Trainee: 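Please read through the structure below; I'll follow up with questions.
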Amino acid sequence: MLVGYLKNKGINTKVFGPFSSDSCDYPDFVHPVALAVEAGEYDFGIILCGSGNGIAMTVNKHQGIRCALAWNPEVAELARSHNNANILSLPTRFIELDTAKEIVQTFIDTDFEGGRHQRRVDKISC
């Protein structure tokens, strides 16, 4: 499980839910993640669902959020280094747990490059 992986790395985590495998309305769980990242309670967030698309669309409605959907480490690295992504969306139907761990580790370890990318990031919010 990713939470255990992060805790073993000494990373402060909070699970916002859901706490069952029953069908749910994902905005109820990912809006609080986005609010916590925007408020500076956490440096970044990790959100999970089948395709990763709906949850990414939802959190990207928040002005201070730059969520990236990543299915491999290279995409996660570019999301951080070029786009300063602060939330990572994982498509759990399409990646294995080991791949998810690699993606998360890459996301955490990659710094934003700034420079020409900062100029572009500054133009994202409406």
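The structure presented is a predicted model; accordingly, all values stated were derived computationally and were not measured. Excluded from the calculations below are hydrogen atoms, water molecules and symmetry mates; all remaining heavy atoms, backbone and side chain alike, are included.
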Trainee: Flag yes if L48 and L35 sit in one hydrophobic cluster, no otherwise; membership is Ile, Leu, Val, Met, Phe, Trp, Tyr, and two members link when side-chain heavy atoms are under 4.5 Å apart.
Mentor: no
Trainee: Minimum heavy-atom separation for A70 to P91, with atom names?
Mentor: O-CD, 3.2 Å
Trainee: Would you kindly confirm whether M57 and V30 end up in one hydrophobic cluster when ILVMFWY residues are joined by side chain heavy atoms under 4.5 Å apart?
Mentor: no
Trainee: How long is the straight-line distance from CZ of F44 back to CD1 of I87, given to the nearest 0.5 Å?
Mentor: 11.0 Å
Trainee: CZ of F112 to NE2 of H82: how many Å apart, nearest 0.5 Å?
Mentor: 9.0 Å
Trainee: How close do P32 and P27 get, counting heavy atoms only, and between which atoms?
Mentor: CD-O, 4.1 Å
Trainee: For D122, which residues count as a side-chain hydrogen bond (donor to acceptor under 3.5 Å, both in side chains) partner, sequence neighbours excluded?
Mentor: Q118
Trainee: List in chain and number order the residues that pass side-chain contact (heavy atoms from CB on, under 4.5 Å) with A79, two or more places apart in sequence or in another chain; answer none if no residue qualifies.
Mentor: A68, A85
Trainee: Please report the interatomic distance CG(L97) to CD(E102), rounded to the nearest 0.5 Å.
Mentor: 10.5 Å
Trainee: With rounding to the nearest 0.5 angstrom, report the CD to CG distance, Q105 to L6.
Mentor: 8.0 Å
Trainee: Does anything in residues 83-100 form a side-chain hydrogen bond (donor to acceptor under 3.5 Å, both in side chains)? List the pairs, not counting sequence neighbours.
Mentor: R80-N84
Trainee: What are the two closest non-hydrogen atoms of L69 and S51, and how far apart are they?
Mentor: CD1-O, 3.5 Å
Trainee: Might you point out which heavy atoms bring V37 and G45 nearest each other, and give the distance in Å?
Mentor: CG2-N, 3.8 Å
Trainee: How long is the straight-line distance from CD1 of I108 back to CD1 of I103, given to the nearest 0.5 Å?
Mentor: 12.0 Å
Trainee: Once ring-ring contact (aromatic ring centres under 6.0 Å, His included) is applied, what residue pairs with a partner in residues 5-30 remain, sequence neighbours excluded?
Mentor: none
Trainee: Would you give the length of the straight line joining atom CG of L88 to atom CD1 of I47, rounded to the nearest 0.5 angstrom?
Mentor: 8.0 Å
Trainee: Does anything in residues 61-75 form a side-chain hydrogen bond (donor to acceptor under 3.5 Å, both in side chains)? List the pairs, not counting sequence neighbours.
Mentor: H31-H62, E38-H62
Trainee: For a 4.5 angstrom cut-off between non-hydrogen side-chain atoms, does T110 reach L78?
Mentor: no
Trainee: Could you work out, with side-chain hydrogen bond (donor to acceptor under 3.5 Å, both in side chains) as the rule, every residue matching E113, not counting sequence neighbours?
Mentor: H117
Trainee: Is there a continuous path of hydrophobic side-chain contacts, each under 4.5 Å between heavy atoms, that joins I65 to I55?
Mentor: yes
